[in-house]
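To keep things clear, I will list the structure first and then write my remarks on it.
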Number of protein chains: 2
Amino acid sequence: MRMTEETRLPQPDLATVEIGTVLQALADPVRLQIVRLLDTVGEAPCGALELPVGRSTVSHHLRTLRESGLVETHLRGNTRVSRIRGEELERRFPGLLPSVLGARPAAQGTAAADGGEGER
Amino acid sequence: MRMTEETRLPQPDLATVEIGTVLQALADPVRLQIVRLLDTVGEAPCGALELPVGRSTVSHHLRTLRESGLVETHLRGNTRVSRIRGEELERRFPGLLPSVLGARPAAQGTAAADGGEGER
DNA sequence: CGACATCTACGATACACATCGAACCTCTAT
DNA sequence: ATAGAGGTTCGATGTGTATCGTAGATGTCG
């Protein structure tokens, strides 16, 4: 029957991953949303992620996330189940993911022009 | 005499800044290095930052950092002194900057191909 | 076996942006 | 006032990459 056979897709050792790589991976809006989704649902097949982009694009982003060490993907039968490498990430970059995922949405205008008194 | 007169350049209210904007600002290698430098030296005039890019490019990056809420810049006489908005950032995104600045450099190869046992 | 579903790989396209050099601006000092 | 130092702005250029559609690979079910 061999249906619950799990194979993990190739992924980097987190010790070899720079913080800049992780930040770059998290910088894309779609990828950030993927990480948020995976964080809430725990794990999900690629197709179950509801995103405003095409399937091939999601696949590409998941590859980026995997290659940057953020996500691991298991082949479970016909589908690929992805999940955040939570514990490993916490060891490598303590507090990073919690702070990102815990960030509350901004209030009002995305970018205010001023905050002081010295405008021209 | 008017030489120690300080004027702050326009900057956004951190409450209106999205986490994605901050991550995008930190994603660039040069900007990340600027943030690291400012974190170590406390504050610095734009020209004192030793970076592998031209002056105008540094200026551009500092603008990006300022508009994303990461850095504040004061006009002190003839020079512009920049500094990280540490306390405000810690209130808005607790733990984010410490985790980024505290990250240790990667060991060896920047990106390993595999990390598990299930390669083909 | 053959049809279907899931996902990835491949080109191709378009847009964002990092970078530079030169011109310009604003203070300071002479 | 004139010159100079410190930074910014502008226009142009090149590269990286997010996106899409289609084709191909792998596994499941009838």
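Labels below follow one simple rule: chain letters A, B, ... track the order of the sequence lines, proteins then strands, and each chain is numbered from 1. In this text, all values refer to a predicted model and were calculated from it rather than measured experimentally.
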| query | Can you find a side chain N or O atom of B:Arg63 that sits less than 4.0 Å from OP1 or OP2 on D:dG7? | reply | no
| query | For B:Arg80 and C:dT26, what is the distance between atoms CZ and P respectively, to the nearest whole Å? | reply | 10 Å
| request: Find which nucleotide of DNA chain D each of A:Asn78 and A:Thr57 is nearest to by heavy atoms, and output the residue with the more 5' nucleotide. | output: A:Thr57
| request: Decide, yes or no, whether a salt bridge links B:Arg76 with B:Glu43 under the criterion of side-chain N to carboxylate O below 4.0 Å. | output: yes
| query | In whole angstroms, how far is the P atom of C:dC17 from the CG atom of B:Leu62? | reply | 17 Å
| query | How is B:Thr79 classified with respect to the nucleic acid when contacts are heavy atoms under 4.0 Å: base, sugar-phosphate, or nothing? | reply | sugar-phosphate
| message | Let's see if you can work this out: which of D:dT9, C:dA9, C:dA18 has an atom nearest to the side-chain heavy atoms of B:Ser56? | response | D:dT9
| query | What integer distance in Å separates B:His74:NE2 from C:dT26:P? | reply | 21 Å
| What does B:Val30 touch in the nucleic acid at a heavy-atom separation under 4.0 angstrom: a base, only the sugar-phosphate, or nothing? | sugar-phosphate
| Are a donor atom and an acceptor atom from the side chains of B:Ser82 and B:Thr73 found within less than 3.5 Å of each other? | yes
| remark: Assign each of A:Thr73 and B:Gly54 the nucleotide of DNA chain C bearing its closest heavy atom; nearer the 5' end lies the nucleotide of A:Thr73
| query | Do you know which of B:Gln11, B:His61, B:Glu72, B:Arg85 makes side-chain contact (heavy atoms from CB on, under 4.5 Å) with B:Arg66? | reply | B:Gln11
| message | Can you measure A:Leu65 atom CG to D:dA18 atom C1' for me and round it to whole angstrom units? | response | 13 Å
| Would B:Arg8 and B:His74 satisfy side chain to side chain donor-acceptor pair (under 3.5 Å), going step by step from the backbone distance to the final call? | CA-CA 4 Å; B:Arg8 184 166 61 229; B:His74 294 263; 4.9 Å; no
| field | Salt bridge flag under 4.0 Å for residues A:Glu67 and A:Arg63 | value | yes
| note | Here the distance between atom P of D:dG21 and atom NE2 of A:His60, to the nearest Å, is 16 Å
| query | Hey, does the side-chain of B:Ser59 have a donor or acceptor N/O within less than 3.5 Å of a partner on the base of D:dG7? | reply | no
| task | Look at A:Arg55 and D:dC20 and indicate whether a side-chain polar atom (N or O) is within less than 4.0 Å of OP1 or OP2. | result | no
| note | Looking only at C:dA9, C:dA18, D:dA18, the nucleotide nearest the B:Arg31 side chain is C:dA18
| task | Look at the side chain of A:Arg66 and decide which nucleotide, out of C:dC20, C:dT8, D:dA18, has an atom nearest to it. | result | C:dT8
| C:dT6 P sits how many Å from A:Leu9 CG, rounded? | 18 Å
| task | May I have the distance from B:Leu51 (atom CG) to D:dG6 (atom C1'), rounded to whole angstrom? | result | 16 Å
| request: For B:His61, answer base if it contacts any base atom (sugar-phosphate contacts may also be present), sugar-phosphate if it contacts only those atoms, and nothing otherwise; contact means non-hydrogen atoms under 4.0 Å. | output: sugar-phosphate
| message | In this structure, how many angstroms lie between the P atom of C:dC17 and the CG atom of B:Leu26, rounded? | response | 15 Å
| task | Taking only the side-chain nitrogens and oxygens of A:Gln24, find out if one of them lies under 4.0 Å from OP1 or OP2 of D:dG16. | result | no
